[in-house]
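Since this is a predicted model, take the numbers as computed values, not measurements. Here is how names work: the chains are called A, B, and so on, in the same order as the sequence lines, proteins then strands, and each is numbered from 1.
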Amino acid sequence: MHLYKNQHLKVYNSLTGTKEVFTPINEGHIGMYVCGPTVYSNVHLGNCRTFMSFDMIFRYLKHLDYKVRYVRNITDAGHLVDDADDGEDKIAKKARLEKIEPMEVVQRYTVDFHNILQKFNFLSPSIEPTATGHIIEQIEIIKDILDKGFAYEINGSVYFDVKKFNEQYEYGKLSGRKLEDMISNTRELTAQDEKRNPQDFALWKKAEPQHIMRWPSPWGDGFPGWHLECTAMSTKYLGETFDIHGGGMDLKFPHHECEIAQSEASYGHSPVNYWLHANMLTMNGKKMAKSTGNNILPNEIFSGENSILSKPYAPSVVRFFMMQAHYTSILDLSDDALLASEKGYHRLMDVFGLLDSLQTSKDSSIDITSWKQKCYDAMNDDFNTPILIANLFEAVKNINLIKEGKASISARDLTDLKETMNSFVFDVLGLERKSDGNMDSDKLSGVVSLLIRMREEARANKDFATSDNIRDQLAALGIQLKDGKEGTTFSVS
RNA sequence: GGCAUCGUGGCCGAGUGGCUAGGCACAGCUCUGCAAAAGCUUGUACAGCGGUUCGAAUCCGCUCGAUGCCUCCA
């Protein structure tokens, strides 16, 4: 029996602006495409939040026993710096500035991207295709769109004819814009433009002689437009219509709007059933962006080497911090917020050390079955991780009560509780429980246990100087002793 | 300027017509040799103004403020 048959998921669909019951095209299977990074610089934390939101979504869908094909691309070409005639792609520009091969730039930042995601404990997508690996597919789509009359060629470049498209389809339906409004609000163009209308966008750009990234095409040497790669790769691996398309809120317009237009122009129908948009991570109340410099790199958080944070934070703490906000809400990064999350994270993790040693009773004083369903209800409601976490803390409280003998649990319920906690905390939220130290954990616990026994002895002899000394010295090392009814436990921070 | 979104107690952050999440901080209590940890208790907050309603943080209008997109952006 698959879990998804009992747990009914609802998602907020940006296309309709409503929360809808999620029904995949093929029962039990889900195709999900998420716009990945443009690899021309290090990923910053804002980028990570979007990918983390979809990592969590991917994890939950898998947890529900769906078979998910998750495609997240790497954009390594064709990303125009601007839309003017001398538009240059970001990779090539960076390569020129750093005097290295474009693919060297791509390699460097792709590796960085993967390293960072690994630290955050991301699951790998099913397929991670690159734009440069799909030039042929992109050219085929351009030919098709030209054949259908929704694009025009000029001077070796091909542009999508938005006005023409809008006569038969609806350009702007995702972002709630009307073409007429856009036309009337267009700013004065300073540069000469090949485009018939400012709203038109490039499908293929002619490469000037000095341009290093170039491919042959029916229209001469050039490179593909930015929006096209996603259409080409999502279609190739997920089909002309697939279930979920995700990405950052800032890609809604024009990127996703253009994707819809390309697909509709080419295939005659909408490509995606559910559009999911993750909201921005801000810093100092402003969106993080590579271009403005208002950003922080993950490694700067892990190491504490930055000006806004008082200390380093572990990847799992940052992950927990992000999971405490709903993925569609703007989240602001601050030291206070991270500090609070870190404490909460430790409180949550400490409970896992207790679960194995809990005393069971004949009956339970708490209703595990309904608690468990509350956890699912939260996630089924558009992946509401903050509510899920609130429920997890409900369990934390109960586990502590059981440990103190103020509540009871049956063996059967305890098994269920353990499994549920493990599933949600580690499988779904993707948190990790590990101490930062490199010390072998068995040896560490052996040593600390020894010290705990020595302290017990000293206390029994009322030698408080010695017992307090042990406690304080361990605390200085980041090992906290916790005295309870059943004895002393410890946690490493 | 246009189109959107948002404004919740000290901080972060859920909730969308009545039953007032959660985390962190603070205070009191229990426990403790003293602490810490843990547990218990207390905080009646929803930008402002008006309207709809038996009832609104939640719906509508206006005002103010913030942010996002409109050009590359997760």
Side-chain angles (χ1 to χ4, degrees), chain A residues 17 34-38 40 43-54 75 79-84 87 89-90 172 175-178 181-182 184-187 198-199 226 246-255 257 277-282 285-292 295 320-321 324-326 328-345 347-348 350-351 354 374 378 381 384-394 396-401 403-404 406-407 459 462-464 467-468 471-472 475 480-485 488-491:
Chain A
V34 172
C35 292
T38 304
Y40 67 97
V43 274
H44 64 245
L45 201 66
N47 301 329
C48 293
R49 157 124 114 139
T50 295
F51 301 132
M52 196 181 285
S53 295
F54 288 103
T75 296
H79 207 154
L80 298 184
V81 166
D82 59 54
D83 235 359
D89 95 39
K90 283 188 168 168
S175 54
R177 288 156 212 254
K178 288 195 165 29
D181 294 343
M182 286 191 263
S184 60
N185 287 320
T186 303
R187 297 170 187 152
Q199 286 71 36
W226 171 41
M249 200 74 108
D250 52 351
L251 296 184
K252 206 170 176 183
F253 189 90
H255 183 58
E257 204 70 75
H277 285 98
N279 219 133
M280 301 292 102
L281 178 71
T282 60
K286 289 251 170 29
K287 176 189 166 187
M288 277 195 197
K290 290 175 186 172
S291 51
T292 59
N295 65 53
F320 181 72
F321 162 71
Q324 275 186 301
H326 188 86
T328 58
S329 298
I330 292 171
L331 175 64
D332 193 59
L333 182 84
S334 68
D335 196 49
D336 284 348
L338 280 171
L339 226 38
S341 287
E342 186 177 50
K343 292 197 177 173
Y345 165 80
R347 204 159 93 85
L348 178 63
D350 286 349
V351 118
L354 265 37
K374 272 160 71 185
D381 185 15
N384 200 322
T385 52
I387 297 284
L388 169 66
I389 289 171
N391 284 313
L392 295 179
F393 275 107
E394 184 71 24
V396 167
K397 181 170 144 180
N398 282 320
I399 291 166
N400 279 315
L401 282 171
K403 181 198 154 212
E404 293 194 3
K406 291 174 181 165
R459 288 177 70 194
K462 301 216 186 292
D463 179 7
F464 298 123
S467 68
D468 288 355
R471 181 220 281 158
D472 298 342
Q480 186 189 33
L481 297 186
K482 299 171 180 180
D483 297 331
K485 288 261 187 299
T488 303
T489 56
F490 72 96
S491 68

Looking only at heavy atoms, the pair that brings A/Thr385 and A/Ala325 closest together is OG1-O, 3.5 Å
For A/Phe54, which residues count as a ring pair (Phe, Tyr, Trp, His ring centres under 6.0 Å) partner, sequence neighbours excluded? none
Just jot down the ring pair (Phe, Tyr, Trp, His ring centres under 6.0 Å) partners of A/His255, sequence neighbours excluded, or say none. A/Trp226, A/His227
What's A/Arg49 touching, base or sugar-phosphate or nothing? Going by heavy atoms closer than 4.0 Å. nothing
Round to a whole Å and report the spacing from CZ of A/Phe253 to P of B/G2. 17 Å
Could you tell me how far B/U71 sits from B/G13 if I compare only their P atoms? Round to whole Å. 30 Å
Taking for each residue the nucleotide of RNA chain B bearing the nearest heavy atom, is the 5' side occupied by A/Asn391 or by A/Lys252? A/Lys252
Any ion pair linking A/Asp483 and A/Arg459 (charged N to carboxylate O, less than 4.0 Å)? yes
Test for a donor-acceptor pair under 3.5 Å between the base of B/A35 and the side chain of A/Arg471, counting only N and O atoms. yes
Are any of A/Thr38's side-chain N or O atoms less than 4.0 Å away from OP1 or OP2 of B/A74? yes
Nearest-angstrom distance, C1' atom, B/C29 to B/U42: 11 Å
Any stacking of A/Phe393 on B/G22, going by centres under 5.5 angstrom and planes within less than 30 degrees? no
Please state the P separation for the pair B/C46 and B/C12 - nearest whole angstrom. 16 Å
Close side-chain approach of A/Tyr345 and A/Lys343, heavy atoms under 4.5 Å: no
Would you indicate what A/Lys462 reaches in the nucleic acid, counting non-hydrogen atoms under 4.0 angstrom: base, sugar-phosphate, or nothing? nothing
Which nucleotide in the list B/A74, B/U67, B/A21 gets nearest to the side chain of A/Asp250? B/A74
Take A/Ile387 and A/Lys343, find for each the nucleotide of RNA chain B with the closest heavy atom, and name the residue whose nucleotide sits nearer the 5' end. A/Ile387
Would you say a side-chain N or O of A/Lys287 is under 4.0 Å from OP1 or OP2 of B/C69? yes
Which of the following nucleotides, B/C70, B/G33, B/C24, is nearest to the side chain of A/Arg177? B/C70
Nearest to the side chain of A/Asp468, heavy atoms from C-beta on, is which of B/A14, B/A74, B/G33? B/G33
For A/Asp381 and B/G22, what is the distance between atoms CG and P respectively, to the nearest whole Å? 17 Å
Which part of the nucleic acid does A/Met280 contact within heavy-atom distance under 4.0 Å: base, sugar-phosphate only, or nothing? base
State whether a side-chain donor-acceptor pair under 3.5 Å links A/Asp332 with A/Thr282. yes
Range-with-range stems of RNA chain B (Watson-Crick or G-U pairs under 3.5 Å, three or more in a row): B:1-7 with B:64-70, B:10-12 with B:22-24, B:27-30 with B:38-41, B:47-51 with B:59-63
Which residues share a side-chain hydrogen bond (donor to acceptor under 3.5 Å, both in side chains) with A/Glu394, sequence neighbours left out: none
Checking side-chain contact (heavy atoms from CB on, under 4.5 Å) for the pair A/Asp381/A/Ile387: CA distance, chi angles, key distance, verdict? CA-CA 10 Å; A/Asp381 185 15; A/Ile387 297 284; over 6 Å; no
Can you give me the closest heavy-atom contact between A/Met280 and A/Met249, atom names plus distance? CE-N, 3.4 Å
Is any NZ, NE, NH1 or NH2 atom of the basic residue among A/Asp350 and A/Arg347 found under 4.0 Å from an Asp or Glu carboxylate oxygen of the other? no
Expressed as a whole number of angstroms, how long is the span from A/Phe54:CZ to B/A74:C1'? 9 Å
Nearest heavy-atom neighbours spanning A/Gly344 and A/Phe393: O-CZ, 3.4 Å
Atom of A/Pro37, atom of A/Val43 and distance for their closest heavy-atom approach: CB-CG1, 4.5 Å
Could you work out the separation of B/G9 and B/C59 based on their C1' atoms and round it to a whole Å? 24 Å
A/Ala390 side-chain proximity, nearest of B/G2, B/G22, B/G33: B/G22
Hey, does the side-chain of A/Asn384 have a donor or acceptor N/O within less than 3.5 Å of a partner on the base of B/G15? no
Whole-Å gap separating P (B/U16) and NE2 (A/His326): 11 Å
With sugar-phosphate meaning primed atoms plus P, OP1 and OP2, does A/His255 contact a base, only sugar-phosphate, or nothing at under 4.0 Å between heavy atoms? nothing
Closer than 4.0 Å, any side-chain N/O of A/Ser329 to the OP1 or OP2 of B/A14? yes
For A/Arg49 and A/His326, work out which heavy atoms get closest and say how close. NH1-O, 3.5 Å
Under 4.0 Å protein heavy-atom contacts per nucleotide of nucleotides 36-43 of chain B, with B for base, S for backbone only and - for none: BBBSS---
Round to a whole Å and report the spacing from CZ of A/Arg459 to C1' of B/C31. 12 Å
Summary of protein contacts for nucleotides 5-12 of chain B, nucleotide by nucleotide, where a base hit scores B, a sugar-phosphate-only hit scores S (4.0 Å, heavy atoms): -------S
Please walk me through it: do A/Leu331 and A/Asn279 pass side-chain contact (heavy atoms from CB on, under 4.5 Å)? CA-CA 8 Å; A/Leu331 175 64; A/Asn279 219 133; over 6 Å; no
When we call it a touch if two heavy atoms are under 4.0 Å apart, what does A/Ala325 touch: a base, just sugar-phosphate, or nothing? sugar-phosphate
